[in-house]
Amino acid sequence: MSGGGNASAPEPLWVLRARPTTAAETQDLGAALGRILEAGDLVVLTGSLGAGKTTFTQGLGAGLGVRAGVISPTFVLVRIHPNLPDGPRPGGPDLVHVDAYRLEGEGEIDDLDLENWTDTSVTVVEWGRGRVEHLAESWLDIELERGPLPVSGGSVSADPQVDFDPEGSEASVDEEYDDDEPRFVVVRGFGPRWAAPPALPGSEAAELPTGGGR
């Protein structure tokens, strides 16, 4: 995965949105994405506590065919889940799961030496927006929020400073995930790898922000 050097924030090439109503549906959405991800892909996750970031990543790992047990990497910062030889994608990429909440800027991100794994793995970074895009020429930005929130120009606001509870992040499914409460998921594609949007269950195209599609 080559560095992109994102000096200025680019506009997405496309925007998808979906409204999973349960944790299982959120995992199904992640699994569908995991089945098409390849080594070198970067996925950036944003959303407040209980929005479903780790739940989504659990599904992504299942679709990718890596070892189970995906939890938030909050205290370890980086967890590596190896590909399973007897899984659905034998010989496929490993999953590198990163939590960037406590990291400040590109320097601390670079100190993790993610480049050692990015070319041969799929890298998923929670709280990564604005911090890790320089690692790749192409990436997916996935934003999860509680409830069927309104979309303006394909964008949902999310403040990573709100409602973060590190003690709750080690649950097997997000501790605050209420199965009866829907989630709103927005997927944005950047760079040539994602010139066209993936086919994800229950998703629909959203209007690009003004100036999008560069």
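The residues of the chain are indexed from 1 along the displayed sequence. All values derive from a computational prediction rather than experimental measurement.
Looking at residues two or more places apart in sequence or on another chain, you find a side-chain contact (heavy atoms from CB on, under 4.5 Å) between V66 and L64, H81, L95. Every residue was checked against the salt bridge (Lys or Arg N to Asp or Glu O under 4.0 Å) condition with D94, not counting sequence neighbours, and none meets it. With sequence neighbours excluded, the residues forming a salt bridge (Lys or Arg N to Asp or Glu O under 4.0 Å) with E38 are R89, listed by chain and number.
Contact check on R19 versus E204 returns a salt bridge, with a Lys/Arg side-chain nitrogen under 4.0 Å from an Asp/Glu carboxylate oxygen. Salt-bridge annotation for E143 and R188: present, with a side-chain N of the basic residue lying under 4.0 Å from a carboxylate O of the acidic one.
The shortest distance between side-chain heavy atoms of T118 and V96 does not fall below 4.5 Å. Residues V98 and W127 have side chains not in contact (no heavy-atom distance under 4.5 Å, counting atoms from C-beta outward). In this structure, the side chains of D28 and P20 stay at 4.5 Å or more apart for every pair of heavy atoms. A 4.5 Å side-chain heavy-atom check between V70 and H97 finds at least one atom pair inside the cut-off.
What you find for I80 and R67 is that their closest heavy atoms are O-NH2, 4.1 Å. Nearest heavy-atom pair, K53 versus L45, reported as atom, atom and distance to 0.1 Å: O-CD1, 3.6 Å. S138 and L42 get closest at one heavy-atom pair: O-CB, 4.2 Å. In terms of heavy atoms, V44 sits closest to V132 at CG2-CG2, 3.7 Å. Nearest heavy-atom pair, T120 versus P93, reported as atom, atom and distance to 0.1 Å: O-CB, 3.6 Å. The nearest pair of heavy atoms linking A62 to P88 is O-CG, 3.8 Å.
Between the side chain of R146 and the backbone N or O of L49 there is at least one donor-acceptor pair closer than 3.5 Å.
Taken to the nearest 0.5 Å, the CZ atom of F56 stands 3.5 Å off from the CD1 atom of I142. Atom CG of residue L29 and atom OG1 of residue T55 lie 12.0 Å apart, to the nearest 0.5 angstrom. Separating the CZ atom in R129 from the CG atom in D141 is a distance of 4.0 Å, to the nearest 0.5 Å. Expressed to the nearest 0.5 Å, how far CD1 of I71 lies from CG of D99 amounts to 11.0 Å.
Placement of L60 and L84 in two distinct hydrophobic clusters is found when ILVMFWY residues are connected by side-chain heavy-atom separations under 4.5 Å, directly or transitively.
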List the atom pairs, with distances to 0.1 Å, where a side-chain N or O of residues 190-202 and a protein N or O form a donor-acceptor pair under 3.5 Å, not counting sequence neighbours.
unit_1 : atom_1 : unit_2 : atom_2 : d
R193   : NE     : D41    : OD1    : 2.9
R193   : NH2    : I36    : O      : 3.4
R193   : NH2    : D41    : OD2    : 2.8

